[in-house]
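Before any comments, here is the structure.
Atom set for the values below is all heavy atoms of this structure, side chains included, hydrogens, waters and symmetry mates excluded.
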Amino acid sequence: MMLANDLKTYYDEVRRYLDCPKDEQDRLLLSVNKQVIELQVDNPNLDYDGIVEFLGEPESLAASLMERLSPDVIQKFRKRKRHLRMSAIVCIAAIVIVLSTVLIYTTSIQFKSDLTEENTIIYRRWRDFS
């Protein structure tokens, strides 16, 4: 059980370095897991450190897995990711602009109503004296 948790953590780390769609990540990690299972069948006493030694560090494994992918898949994914990031930035900027406008507008109305109220009071007082 401990080995399974350690491998899940290792696979999660590899996933962080995979710059491709989730279904491709799943497919690549499934093939790695199959290799690990075959390795364990051949070497039943192999521990986590031995498996990591066989697979390599997560970043280097991810780089070798990325080489298996078509450049078109990677390019489309990166383009989509860039588009989503830009859309998020535009949405956040729009929200900030709207909130700023609302804040300025409400502050302006409150300020104008204060001035109008004072002017009305002053006007009434002036009329009372005439």
Beyond-backbone contact of Leu3 with Asp47, side-chain heavy atoms, under 4.5 angstrom: no

Main-chain N/O of Cys20 paired to Gln25 side chain as donor or acceptor, under 3.5 Å: yes

Check against salt bridge (Lys or Arg N to Asp or Glu O under 4.0 Å), Lys22 and Asp26: CA-CA 6 Å; Lys22 183 161 178 16; Asp26 293 342; 3.4 Å; yes

Any donor-acceptor N/O pair, Asn43 side chain to Leu46 backbone, under 3.5 Å: no

Separation of Arg80 CZ from Ser87 OG (nearest 0.5 Å): 10.0 Å

NZ-CG distance between Lys81 and Asp19, expressed to the nearest 0.5 angstrom: 3.5 Å

Residue pair Leu103 / Thr107: nearest heavy atoms and the distance that separates them: O-OG1, 2.7 Å

Smallest separation among heavy atoms of Leu29 and Tyr11, with atom names: CD1-O, 3.9 Å

Residues which pass salt bridge (Lys or Arg N to Asp or Glu O under 4.0 Å) with Arg68, listed by chain and number, not counting sequence neighbours: none

Asp12 and Lys8 ion-paired at < 4.0 Å: yes

Check: Thr106 side chain, Val102 main-chain N or O, donor-acceptor pair, under 3.5 Å: yes

Within-4.5 Å side-chain heavy-atom neighbours: Tyr10 and Ile51: no

